[in-house]
Undergrad: 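Before we start, here is the structure in question, set down as structure tokens.
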Amino acid sequence: MRNHVTFDYSRAEAFFSQEELRMMSRQALDAMGVLLGRRGAGSDLLGWLDLPGNIDKEELARIKKAAARIRKNSEVLLVIGIGGSCPGARAAVEFLGHSFSNILDREKRGAPEIYFCGNSFSSTFLKHLTDVVGDRDFSIHMISRSGTDMEPALAFRVFRELLEKKYGRKEAAGRIYATTDQEKGALRQLAEQEGYETFPMPDDVGGCFSVLTPAGLLPIAVSGADIDKLMRGAASARECALKNAFVENGALQYAALRNIFLRRGKSVEIMCHYEPGVHSISEWWKQLFGESEGKYHRGLLPVSVDLAAELYSMGQFIQEGSRLMFETIIDIEKCGEEISVNEEPGNPDGLNDLAGRTVDSVGKNAVDSVILAHTEGQVPSLMVHVPEANEFYLGELFYFFEFACAISGYMLGVNPFSRPGVENYRKNLYALLGKPGYEQRREELYSYTNGME
């Protein structure tokens with residue numbers, strides 16, 4: 001078994017030339033020079049680059065202490081945030097924990113139930129979540145640099161009122177944890193006024209690169225995961241990314257091949273996995289690359305697919321639909337649990353020839369068969385191998401994709417750390433809601449939408 005997260009493009013070699021790879025390797029190395037020299041666009045948002053080795057040890061201890069307090073006094077933790085602030089934590093909690101953690105007995109789970117909200121405008125969802133919380137003890141982790149992002153701000157108001165009604169204002173304040181700007185903003189002001197414990201959102205780390213900041217680390221620690229081990233894994237991947245030559249540098253290779261396929265006419269990258277616990281990692285990856293590269297009418301469309309669940313739908317499209325995609329597969333090499341196939345008298349389902357094998361070993365054959373079929377269907381397959389589902393390798397995986405994303409974005413000619421489209425949406429929303437200062441934009445928007453009817 002491997003002892004690091006590794007990248008493997010051997011099954012895609014028929015779809016590009018070695019000359020293309022040599023050319024792209026030079027461009028990837030040039031992009032790396034821009035990144036490490038802090039000469040590119042967005043260079044003020046590179047705090048994630050050295051975060052695994054630079055995180056404040058006292059802050060890490062404070063995160064663990066707060067997590068222990070939440071684990072002791074709460075049956076439920078609500079994590080409220082939007083954009084890049086929540087997907088990483090959710091990915092870790094679901095990847096490292098039990099597949100059905102929130103419905104296990106507390107004794108077996110060993111941690112509060114953890115729910116993520118603040119990423120929709122759904123009254124139904126919020127009401128249903130209040131029903132789930134019920135009269136149980138709960139805490140809130142509110143994540144917002146400004147405190148004025150509309151979706152999480154609405155959810156926070158709903159659950160803060162519920163918390164204050166249940167415990168009173170003073171005790172409720174002791175159950176609210178805010179990850180926000182270090183000095184300014186509405187949430188910072190409210191936290192100081194009410195006495196919430198706060199954790200700083202680093203000024204030089206953007207939202208979709210924030211999984212290894214308090215935004216991600218607090219809920220991950222509450223789940224019972226070892227965040228020290230997670231950070232050691234990220235530090236290991238950082239060393240590999242910064243020091244290894246291209247031929248041994250999976251993050252650079254991945255960035256290079258993404259750009260090769262884009263220039264060959266591929267417009268979609270599909271993240272595939274065969275382990276349900278990887279689902280939210282794919283969602284985090286989609287957030288990371290979608291926000292970082294999708295601008296100036298450029299970039300690959302990031303799509304995630306759960307296999308084998310979608311083999312009869314998306315699998316069919318990948319096999320025989322438009323030839324606009326390549327796939328990247330996250331392969332978990334060693335499963336956390338094993339169930340073997342037993343022999344059954346009469347062999348009613350025809351499975352006795354598999355007796356003695358584990359379900360996962362059968363799954364490995366299924367993966368190989370699908371890759372072969374997709375390759376024959378002219379879909380290149382890249383592989384990211386994860387030795388097993390633990391904190392160290394997850395830390396490596398997070399950093400692997402973050403570093404590759406930054407390199408790939410610079411190769412693409414975009415600023416990987418800006419999000420101009422999101423800001424435009426917010427401006428439009430505030431105008432339509434009648435926020436002060438947006439009157440002219442409001443008139444423009446109503447004029448435009450009326451013209452569409």
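Counting begins at 1 with the first residue of the sequence. No experiment lies behind these values; they were computed from the predicted model shown.
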Undergrad: Measure from the side-chain N and O atoms of Ser122 to the backbone N and O of Phe125, and report whether any donor-acceptor pair falls under 3.5 Å.
TA: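 Yes; at least one donor-acceptor contact below 3.5 Å.
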
Undergrad: Once you round to the nearest 0.5 Å, how far does SG of Cys117 lie from CD of Glu151?
TA: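 It comes to 12.0 Å.
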
Undergrad: Assess the residue pair Phe15 and Phe326 against the criterion (side chain to side chain contact (heavy atoms under 4.5 Å, CB included)); give the C-alpha distance rounded to whole Å, side-chain angles, the decisive distance to 0.1 Å, and a yes or no.
TA: CA-CA 10 Å; Phe15 297 93; Phe326 65 96; over 6 Å; no

Undergrad: Hey, does Met201 have a side-chain heavy atom less than 4.5 Å from the side chain of Val205?
TA: no

Undergrad: If you define the side chain from C-beta out and look only at heavy atoms, does anything of Arg232 sit under 4.5 Å from Phe392?
TA: yes

Undergrad: Show the nearest heavy-atom pair for residues Ala406 and Pro416, with the distance to one decimal.
TA: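 Minimum heavy-atom contact is O-CG, 3.8 Å.
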
Undergrad: Decide yes or no for Arg258 and Lys266: does some side-chain heavy atom of the first lie under 4.5 Å from some side-chain heavy atom of the second?
TA: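 Of all side-chain heavy-atom pairs linking Lys266 with Arg258, none is under 4.5 Å.
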
Undergrad: Which atoms form the tightest heavy-atom contact between Arg238 and Leu49, and what is the distance?
TA: NE-O, 3.1 Å

Undergrad: How long is the straight-line distance from NE2 of His279 back to OG of Ser304, given to the nearest 0.5 Å?
TA: 6.5 Å

Undergrad: Do side-chain atoms of Asp105 reach the backbone of Glu107 as a donor and acceptor pair under 3.5 angstrom?
TA: no

Undergrad: Are more than 12 heavy atoms, taken from residues, nucleotides or ligands other than Arg106, located less than 6.0 Å from that residue's CZ atom?
TA: yes

Undergrad: Roughly how far apart are Ser17 OG and Arg22 CZ, rounded to 0.5 Å?
TA: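 Ser17 atom OG to Arg22 atom CZ measures 7.5 Å (nearest 0.5 Å).
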
Undergrad: Sequence neighbours excluded and cut-off under 3.5 Å, please list the side-chain donor-acceptor pairs for residues 361-373, or say none.
TA:
{"unit_1": "Ser361", "atom_1": "OG", "unit_2": "Arg357", "atom_2": "NE", "d": "3.3"}
{"unit_1": "Ser361", "atom_1": "OG", "unit_2": "Thr358", "atom_2": "N", "d": "3.3"}
{"unit_1": "Ser361", "atom_1": "OG", "unit_2": "Thr358", "atom_2": "O", "d": "2.7"}
{"unit_1": "Ser361", "atom_1": "OG", "unit_2": "Thr358", "atom_2": "OG1", "d": "3.4"}
{"unit_1": "Lys364", "atom_1": "NZ", "unit_2": "Asp331", "atom_2": "OD1", "d": "2.9"}
{"unit_1": "Lys364", "atom_1": "NZ", "unit_2": "Ile332", "atom_2": "O", "d": "2.6"}
{"unit_1": "Asn365", "atom_1": "OD1", "unit_2": "Arg357", "atom_2": "NH1", "d": "3.3"}
{"unit_1": "Asn365", "atom_1": "OD1", "unit_2": "Arg357", "atom_2": "NH2", "d": "2.6"}
{"unit_1": "Asp368", "atom_1": "OD1", "unit_2": "Arg11", "atom_2": "NH1", "d": "3.4"}
{"unit_1": "Asp368", "atom_1": "OD1", "unit_2": "Arg11", "atom_2": "NH2", "d": "3.3"}
{"unit_1": "Ser369", "atom_1": "OG", "unit_2": "Asn365", "atom_2": "O", "d": "3.4"}
{"unit_1": "Ser369", "atom_1": "OG", "unit_2": "Ala366", "atom_2": "O", "d": "2.7"}

Undergrad: Could you tell me whether the side chain of Arg71 reaches within less than 4.5 Å of the side chain of Pro112, counting heavy atoms only?
TA: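 Yes, side chains in contact.
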
Undergrad: Donor-acceptor check, side chain of Arg109 to backbone of Ile103, threshold 3.5 angstrom: yes or no?
TA: no

Undergrad: Between Arg263 and Glu20, does any NZ, NE, NH1 or NH2 come within less than 4.0 Å of an OD or OE carboxylate oxygen?
TA: no

Undergrad: Atom CZ of Phe159 and atom CE of Met142: how far apart are they, to the nearest 0.5 Å?
TA: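 Result: 12.0 Å between the selected atoms.
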
Undergrad: Does Lys295 use its side chain to pair, donor to acceptor, with the backbone of Ser418 at less than 3.5 Å?
TA: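 Checking the backbone N and O of Ser418 against the side chain of Lys295, a donor-acceptor pair under 3.5 Å is found.
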
Undergrad: Check Trp284 against Ala91 and note the closest heavy-atom contact, atom names and distance.
TA: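 Taking every non-hydrogen atom into account, CB-CB, 4.3 Å.
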
Undergrad: Does any non-hydrogen side-chain atom of Asn259 lie less than 4.5 Å from one of Leu300?
TA: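 The answer is no, as the side chains (C-beta and beyond) never meet within the 4.5 Å cut-off.
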
Undergrad: Applying the side chain to side chain contact (heavy atoms under 4.5 Å, CB included) criterion to Ile55, which one of Asp50, Thr213, Ile227, Leu217 satisfies it?
TA: Leu217

Undergrad: Would a distance-only check, ignoring hydrogens and angles, find a side-chain to backbone donor-acceptor pair under 3.5 Å from Glu391 to Asp226?
TA: yes

Undergrad: Indicate whether any N or O donor in one side chain lies under 3.5 Å from an N or O acceptor in the other, for Glu396 and His4.
TA: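 Side-chain D/A pair, Glu396 to His4: present.
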
Undergrad: Restricting to non-hydrogen atoms, name the atom on Leu397 and the atom on Val384 that form the minimum distance, rounded to 0.1 Å.
TA: CD1-CG1, 3.7 Å

Undergrad: Tell me if a side-chain donor or acceptor on Ser292 pairs with a main-chain N or O of Leu288 at a distance below 3.5 Å.
TA: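 Present.
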
Undergrad: Check whether any side-chain heavy atom of Val34 sits under 4.5 Å from a side-chain heavy atom of Arg39, and report yes or no.
TA: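 SC-SC contact between Val34 and Arg39 confirmed.
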
Undergrad: Enumerate, atom names and distances included, each donor-acceptor pair closer than 3.5 Å involving a side-chain atom of residues 336-349, sequence neighbours excluded.
TA:
{"unit_1": "Asn347", "atom_1": "OD1", "unit_2": "Gly350", "atom_2": "N", "d": "3.3"}
{"unit_1": "Asn347", "atom_1": "OD1", "unit_2": "Leu351", "atom_2": "N", "d": "3.0"}
{"unit_1": "Asn347", "atom_1": "OD1", "unit_2": "Asn352", "atom_2": "N", "d": "2.9"}
{"unit_1": "Asp349", "atom_1": "OD1", "unit_2": "Leu351", "atom_2": "N", "d": "3.3"}

Undergrad: Which heavy-atom pair separates Pro219 from Val93 by the least distance, and what is that distance?
TA: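 Of all heavy-atom pairs spanning Pro219 and Val93, the closest is O-CG2, 4.0 Å.
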
Undergrad: Scan side-chain atoms only and decide if Gln287 and Glu283 contain a donor-acceptor pair under the 3.5 Å cut-off.
TA: no

Undergrad: I'd like to know if the side chain of Ser282 pairs up with that of His273 as donor and acceptor (distance under 3.5 Å, no hydrogens or angles considered).
TA: yes

Undergrad: Find out whether Phe401 and Ile330 are in side-chain contact, i.e. whether some heavy atom of one side chain is under 4.5 Å from a heavy atom of the other.
TA: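 Side-chain contact under 4.5 Å: yes.
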
Undergrad: Could you walk me through whether Phe209 and Leu51 pass side chain to side chain contact (heavy atoms under 4.5 Å, CB included), step by step?
TA: CA-CA 10 Å; Phe209 286 80; Leu51 190 60; over 6 Å; no

Undergrad: Do Arg160 and Phe156 meet the cation-pi criteria used here (NZ or CZ under 6.0 Å from the six-membered ring centre, within 45° of the axis)?
TA: yes

Undergrad: Is Glu388 close to Tyr393 at the side-chain level, that is, under 4.5 Å between some pair of heavy atoms?
TA: yes

Undergrad: With rounding to the nearest 0.5 angstrom, report the CD to CG distance, Gln27 to Leu412.
TA: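 These two atoms lie 11.0 Å from each other.
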
Undergrad: List the steps, then state whether side chain to side chain contact (heavy atoms under 4.5 Å, CB included) holds for Leu96 with Ser223.
TA: CA-CA 9 Å; Leu96 299 171; Ser223 76; 6.0 Å; no

Undergrad: If you look only at pairs with a residue in residues 245-257, which of them pass as a side chain to side chain donor-acceptor pair (under 3.5 Å), with sequence neighbours excluded?
TA: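 Qualifying pairs: Tyr254-Glu269, Tyr254-Trp285.
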
Undergrad: Start with the C-alpha distance between Leu252 and Phe403, add both sets of side-chain angles, then the distance that settles side chain to side chain contact (heavy atoms under 4.5 Å, CB included), and finish with yes or no.
TA: CA-CA 8 Å; Leu252 290 182; Phe403 192 84; 4.0 Å; yes

Undergrad: Identify the heavy atoms of Ser144 and Thr180 that sit nearest to each other, and give their distance.
TA: O-OG1, 2.7 Å

Undergrad: Using the six-membered ring wherever Trp is involved, compare the ring planes of Trp48 and Tyr399 and label them parallel, tilted or perpendicular (cut-offs 30° and 60°).
TA: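 The rings of Trp48 and Tyr399 sit tilted, inter-plane angle from 30° to 60°.
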
Undergrad: Between Tyr177 (side chain) and Ile143 (backbone), is there a donor-acceptor pair under 3.5 Å?
TA: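 Looks like no, no N/O pair under 3.5 Å.
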
